[in-house]
Amino acid sequence: MTTLTIRTQSRCEMIDITERIAEKVRESGIREGLCRVFIPHTTAAVTINENADPDVPLDILAALDRTVPLSGHYRHTEGNSAAHIKASLFGASQTVFIEDGRLVLGTWQSLFFCEFDGPRTRKVLVGLAAG
Ligand code: ZN
């Protein structure tokens, strides 16, 4: 397992980490296998979606804000319940196949680190397995 460190810049943002993950795959020398990306935080997540049009992640974040408002009738006194809910909606991990030493992603797919309670310094755990 290896770790990436990400410094997020705003409260909510989606950061394309595909190339940083692909670099870990290349460094490993693994040709065929699985790449697991895990986010060890309760107010951040990882998802796969389109980054060819940068408006797509912006639309996703805007729709999430409408669906899970920042303030509302939440019990959690820390004040970041919306971030916890968004993180659970997206989930803490993604798995991508490795073939010929490359991540197998669809033409328009990118791996995004999703910050929902930034700015913060975050970790992304990357597990690679041959086979
Ligand atoms: Zn909290």
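Worth saying up front: this structure is predicted, and the values here are computed from it rather than measured. Counting starts at 1 for both ligands and their atoms, following the listed order. The basis for the numbers below is simple: all heavy atoms, side chains too, and nothing from hydrogens, waters or symmetry mates.
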Quiz item: Is any side-chain N of the basic residue among Glu19 and Arg26 closer than 4.0 Å to the acidic one's carboxylate O?
Solution: yes

Quiz item: Is a side-chain donor-acceptor pair under 3.5 Å present for Thr18 with Asp16?
Solution: yes

Exercise. For the Zn ion (ligand 1), state how many protein N, O or S atoms fall inside a distance shorter than 2.8 Å.
Key: 4

Quiz prompt | Same cluster (ILVMFWY, side-chain, under 4.5 Å), Leu111 and Val25 | solution = yes

Quiz prompt | Minimum heavy-atom distance Leu61-Cys12, with the two atoms named | solution = CD1-O, 4.0 Å

Quiz prompt | Ring center gap for Phe112 and Phe90 short of 6.0 angstrom | solution = no

Quiz item: Is the side chain of Glu78 donor-acceptor paired with the backbone N or O of Ser81 at a distance under 3.5 Å, no angle test?
Solution: no

